[in-house]
There are 2 protein chains.
Amino acid sequence: MSTTILKGLRVIEFLAHAKEPKGISELAREIEMNKSAVQRVVSTLSNAGYVEQAPGTSKYRLTLSIWELGSHVVDRHQARRLLHPILRFGAQSTGFTVFLSYLSFPFVVYLDKVEGAHGRSHTAEPGSRIPITLTAAGKAVLAFLPDEKLQGLDQDHSDWTGYVNFAATPLEALREEIETIRERRYAVSEGGMKQGVNSIAAPIWWREHQPYGSIVVTADQVNLSPERFSEIGARVVGMAEEATLALGGVPFPPL
Amino acid sequence: MSTTILKGLRVIEFLAHAKEPKGISELAREIEMNKSAVQRVVSTLSNAGYVEQAPGTSKYRLTLSIWELGSHVVDRHQARRLLHPILRFGAQSTGFTVFLSYLSFPFVVYLDKVEGAHGRSHTAEPGSRIPITLTAAGKAVLAFLPDEKLQGLDQDHSDWTGYVNFAATPLEALREEIETIRERRYAVSEGGMKQGVNSIAAPIWWREHQPYGSIVVTADQVNLSPERFSEIGARVVGMAEEATLALGGVPFPPL
DNA sequence: AGTGATTGTATCGTATTGTGATACATAGCG
DNA sequence: CGCTATGTATCACAATACGATACAATCACT
């Protein structure tokens, strides 16, 4: 197994998440690698066009090459293509912003998004991953996962500031909310994603009883007020059922 | 310089552009690598979660991990953030789909896109790169490049079927069109991107006289008919000037 | 301006790691 | 059923990545 490739990936991953360009020594320190190794990796990536020096400095950052590759991958992605029309229709008919998310265990990743007419309450972007315990998108899936998976859930999300920590709520309340979600088949989050933004999500299945992800509807609390939760919730569940159907999936537990 | 990392990138790049999942031997053949090397690289990437086997087969394809990384990079990309509102406004006020492209020498890459109300004449997606000689997006930039850059331009784009090959037109006509583009400051393409789809593009600058890319307006030939070219062309030039301003650029040649 | 610490980059002997020919079992196909 | 092509495993060899060290440039203080 090629350790050098793993080092390359470590560097790329780190730079992808870094807010600012990083220097060699800085990198070496933060990802625990030998300075020489980092230097070699970075100069290789730089020659290949994946990394560049920020103009004026000697610090490095990723170019858009990685993004180019990634967009080709997602363009061809089956599930996304199949479900996009559903999002589009949902956004148009409700006026809200609609997301598609997929489960990537203890996270959900937003895979697609169609903005509604009700303004853009600047929320998540496709590609971002969030612990399943923190938003409606995740809770909708979490509620249907087998018990043993829930046990090992990391309770500590202190670095995800600005999110309501669902798992950190007392175990009693958690079980209770899971039960509620299972019954009405959608999850709700008030200000979970961002202050003043509400969202409702319902799970999607594929294969036999395999949780795939969720359909999420989001808007600020004025447009998506608690009074409308059950009305919109029903529509989200409907969209999620369509999505499950499109993927040829079978829901669990059966209705 | 780490050759192993380069091999890893070769595999990733190839898989990113491959339409179907690829087997080990297949890969080894097509990217001219030793089978053992490919096997080692692929299993490393697979362990790291960047590659997976298509269910039921033993062929490999990329997961969405690369895409996740890439989306973080583009989310933070300065120019894109700055210019997005311009695209949004353009799309809303004209009803056409508006693109932002950047120059990556002999190509332009679509960096952003906002769809207009006039239906989606399913064209390019952000992330795709196209030779500058083939579309309005490219020609708008090409026309202002220094002469020596134009000399070495690859004339053979036979693999880009469905595109009108601008560079393949007789040199006379080419020089003439470049002159026209320089004068009115926008480039036009009828059916260049796709049969029945027209587009108009104007160049953007940054720094001192550095060509950055272009603003492109696209629609099917019914909505964007040749009679409207000069009217819409003026608006595209206006948008591009705003964009140049937003980037703090200086146009060349001066108006 | 001067000093000291930190940084990016270059060097080099060593041994770890990737190499690639070979082998084998399995899957696919006529 | 037999053939070919494929994915995976093995192994001795040598190329390659390693990492301590060195040096010059830059930066941050005083």
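In what follows, chains are A, B, ... by sequence order, proteins preceding strands, each numbered from 1. Note: hydrogens, waters and symmetry copies are ignored here, and every other heavy atom, side chains too, is used.
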| note | Between CD1 of Ile5(A) and P of dT16(D) the distance, given in whole Å, is 15 Å

| query | With side chains defined as the heavy atoms from C-beta onward, is the minimum distance between Leu27(A) and Lys35(A) less than 4.5 Å? | reply | no

| field | Atom-to-atom span, CG of Leu6(A) to C1' of dC18(D) - whole angstrom | value | 16 Å

| request: Pick base, sugar-phosphate or nothing for Met33(A), based on heavy-atom distances below 4.0 Å to the nucleic acid. | output: nothing

| Which one, dG7(D), dT8(D), dG8(C), comes nearest to the side chain of Ser58(B)? | dG7(D)

| Leu64(A) vs Tyr102(B) side-chain heavy atoms within contact, under 4.5 Å | yes

| field | Under 4.0 Å protein heavy-atom contacts per nucleotide of nucleotides 20-30 of chain C, with B for base, S for backbone only and - for none | value | BB---------

| said: Does a side-chain N or O of Tyr60(B) approach OP1 or OP2 of dT8(D) to a distance below 4.0 Å, or not? | reply: yes

| task | Check whether any side-chain N or O of Thr3(B) sits under 4.0 Å from OP1 or OP2 of dA17(D), and answer yes or no. | result | yes

| query | Below 4.0 angstrom from OP1 or OP2 of dG18(C), is there any side-chain N or O of Thr4(A)? | reply | yes

| message | Is Gln39(B) close enough to dG7(D) that one of its side-chain N or O atoms is under 4.0 Å from OP1 or OP2 there? | response | no

| message | For a 4.5 angstrom cut-off between non-hydrogen side-chain atoms, does Val74(A) reach Leu111(A)? | response | yes

| Side-chain contact, heavy-atom cut-off 4.5 Å: Pro211(A) with Trp206(A)? | no

| said: Among residues 16-30 of chain A, which ones have heavy-atom contacts with DNA chain C below 4.0 Å? | reply: Gly23(A), Ile24(A), Ser25(A), Arg29(A)

| query | Does any non-hydrogen side-chain atom of Ile178(A) lie less than 4.5 Å from one of Leu142(A)? | reply | yes

| message | Using side-chain heavy atoms (C-beta onward) and a distance below 4.5 Å, is Lys113(A) in contact with Glu125(A)? | response | yes

| Any donor-acceptor N or O pair under 3.5 Å, side chains Thr63(A), Ser65(A) | yes

| said: Ring-plane angle category for Trp205(A) and Phe144(A), please: parallel below 30°, perpendicular beyond 60°, tilted otherwise. | reply: perpendicular

| Which heavy atom of Leu69(B) sits nearest a heavy atom of His17(A), and at what distance? | CD2-CE1, 3.8 Å

| Spacing of Asn47(A) atom CG relative to dT9(C) atom P, expressed in whole Å | 12 Å

| field | Stepwise side-chain contact (heavy atoms from CB on, under 4.5 Å) check, Tyr110(A) with Thr135(A) | value | CA-CA 12 Å; Tyr110(A) 294 113; Thr135(A) 83; 3.7 Å; yes

| query | Does the pair Arg61(A)/Glu20(A) count as a salt bridge with the N-to-O cut at 4.0 Å? | reply | no

| message | Based on the rotation axes of five pairs at each end, what angle does the helix from dA1(C)-dT30(D) to dA27(C)-dT4(D) bend through, to 10°? | response | 60°

